[in-house]
Amino acid sequence: MIGGLIRVGVSLALLAFLAWWLDTAVVLDRLASFDPWWALVAVAISLPQMALLAFRWRFTAAKIGLDLPFGSALREYYLATFLNQVLPGGVLGDVSRAWRHGSAEAESRIGPAASAVILERASGQVVMAGVAVLSFASLPFAYSAAPASMALAIGGVGVAAGATVLAFRRRSRTGLLADFGRDIRAALLARDALPVQLVSSTLVVGTYLAIYIVAARAVGVTTPMWTLLPLVTPVLLSMLIPATVAGWGVREATAAALWGAVGLTAADGVAISAAYGILVLVSSLPGAFVLLSSGRGRRGGRLPEARVDTGHAEPDPGSRSRAG
């Protein structure tokens with residue numbers, strides 16, 4: 001409870017600082033001109049995005065011996081995304097889907113289910129970091145002020161990566177993840193797993209970038225796409241820092257710093273970032289319906305369709321291909 005209040009306070013403090021530092025009227029004018037048609041485009045992009053995320057989770061779970069129907073994975077991912085948007089910390093939705101999946105049967109396997117969720121998220125974050133490296137490398141070609149912005153962005157990525165590593169280390173000390181190394185090899189590094197993880201995560205990252213560009217267009221920012229793209233991944237990576245509510249505040253502060261460092265209007269960066277947050281929240285609203293329906297006729301909030309494979313045999317490859 002106290003941690004949640006602190007994160008809410010950090011979000012509000014960062015947003016208040018930006019309101020004091022920047023020309024608030026410019027940001028509000030941008031947001032007031034928000035084009036709802038672009039919101040529909042963002043929702044349309046989020047549909048294959050959520051399907052890819054559900055597929056990646058299902059595939060990861062299958063590689064460590066857990067069965068997860070695609071329909072259940074899709075519903076639970078919507079629910080997790082919604083909870084991550086409205087609850088402090090940005091990870092409680094993932095905790096929810098790990099618990100609900102792991103406790104789906106009488107023989108609870110919360111530990112392996114937690115591993116599947118952590119590894120699935122790690123797959124995306126590793127690819128996002130790779131895209132960020134490419135973005136940093138392209139900054140000198142896109143902006144004359146790139147060296148300063150690059151140092152700032154690398155520092156932000158270092159903080160985010162450090163926070164992520166610490167989170168993994170804290171979890172790895174629990175009994176639930178005693179076999180985490182084996183799970184990493186099976187779900188991420190195996191010869192038949194690595195290509196699937198890389199392709200699916202690259203496509204997911206592509207949808208994040210697309211929605212961010214849509215957010216820029218929604219508030220009337222016409223900066224060319226290839227000029228904006230190198231700045232997007234540092235902003236998205238800043239949201240990994242679990243110090244706010246759904247990245248609010250830290251995302252906008254990172255955008256303001258980056259936009260200003262490369263000679264663009266900082267207020268535009270904040271407006272785009274805020275619009276992105278709004279679009280992600282709107283796209284996650286189906287999760288609210290899952291939340292409302294999960295309390296009706298579901299014992300203990302579990303996934304009645306999910307089955308757990310207690311053996312270590314490989315799942316039917318055909319079932320995995322149908323998930324895509």
Side-chain angles (χ1 to χ4, degrees), residues 5-36 38-39 42 85-86 88-90 132 135-136 138-139 142-160 163 208-282:
L5 292 176
I6 291 174
R7 290 182 176 94
V8 171
V10 171
S11 285
L12 293 176
L14 286 171
L15 292 173
F17 170 76
L18 290 173
W20 169 80
W21 178 37
L22 300 174
D23 187 346
T24 309
V26 175
V27 177
L28 294 178
D29 285 345
R30 287 291 193 191
L31 294 176
S33 65
F34 192 94
D35 187 344
W38 283 110
Q85 290 300 304
V86 299
S135 298
F136 299 149
S138 70
L139 283 175
Y143 301 100
S144 59
S149 66
M150 188 180 302
L152 177 64
I154 291 175
V157 171
V159 172
Y208 292 148
L209 299 178
I211 291 177
Y212 206 94
I213 297 300
V214 166
R217 301 300 180 251
V219 295
V221 176
T222 58
T223 305
M225 180 179 67
W226 297 111
T227 303
L228 286 179
L229 279 176
L231 303 176
V232 175
T233 46
V235 175
L236 298 181
L237 279 174
S238 72
M239 296 172 62
L240 295 177
I241 303 173
T244 62
V245 179
W248 283 98
V250 67
R251 179 182 58 226
E252 285 69 32
T254 303
L258 281 174
W259 261 246
V262 300
L264 297 176
T265 304
D268 282 353
V270 172
I272 296 169
S273 181
Y276 176 83
I278 294 170
L279 291 175
V280 172
L281 176 60
V282 170

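Under the side chain to side chain donor-acceptor pair (under 3.5 Å) criterion, the residue pairs touching residues 264-279 are Arg30-Asp268, Arg251-Ser273, Glu252-Ser273, with sequence neighbours excluded.
Closest heavy-atom contact between Ala255 and Gly269: CB-O, 3.4 Å. A pairwise comparison of heavy atoms in Leu31 and Ala271 identifies CD2-O, 3.7 Å as the closest pair. Scanning both residues, Ala132 and Leu237, for their nearest heavy atoms gives CB-CD1, 3.4 Å. Contact detail for Leu228 and Arg217: the closest heavy-atom pair is CD1-NH1, 4.1 Å. The minimum heavy-atom distance linking Leu258 with Pro234 is given by the pair CD1-CB, 3.5 Å. Minimum interatomic distance between Val245 and Pro88 (heavy atoms only, all atoms of both residues): CG2-CA, 4.0 Å.
Residues Trp248 and Val8 form no side-chain contact, since every pair of their non-hydrogen atoms from C-beta on lies 4.5 Å or further apart. A 4.5 Å side-chain heavy-atom check between Val219 and Trp38 finds every atom pair outside the cut-off. Annotation: side chain of Ile272 is in contact with side chain of Trp259 (closest heavy-atom distance under 4.5 Å). Contact of the Val232 side chain with the Leu236 side chain is registered, since non-hydrogen atoms from C-beta on lie closer than 4.5 Å. In this structure, Val280 and Gln85 have side chains that are in contact, with non-hydrogen atoms separated by less than 4.5 Å.
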Just do the side-chain contact (heavy atoms from CB on, under 4.5 Å) check on Leu231 and Tyr212 with the steps written out, would you? CA-CA 10 Å; Leu231 303 176; Tyr212 206 94; over 6 Å; no
Worked verdict on Val27 versus Leu18 for side-chain contact (heavy atoms from CB on, under 4.5 Å): CA-CA 10 Å; Val27 177; Leu18 290 173; over 6 Å; no
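Taken from CD1 in Ile213 to OH in Tyr208, the straight-line distance is 16.0 Å, to the nearest 0.5 Å. One finds the CH2 atom of Trp21 at 12.0 Å from the CG atom of Leu14 (value rounded to the nearest 0.5 Å).
A distance-only check finds no donor-acceptor pair linking the side chain of Ser238 to the backbone of Thr254 [under 3.5 Å]. In this structure a side-chain-to-backbone donor-acceptor pair under 3.5 Å is missing from Ser135 to Thr233. Formation of a donor-acceptor pair under 3.5 Å by the Thr24 side chain with backbone atoms of Ala19 is found in this model.
By the 30° and 60° cut-offs, the orientation of the rings of Phe17 relative to Trp20 is tilted.
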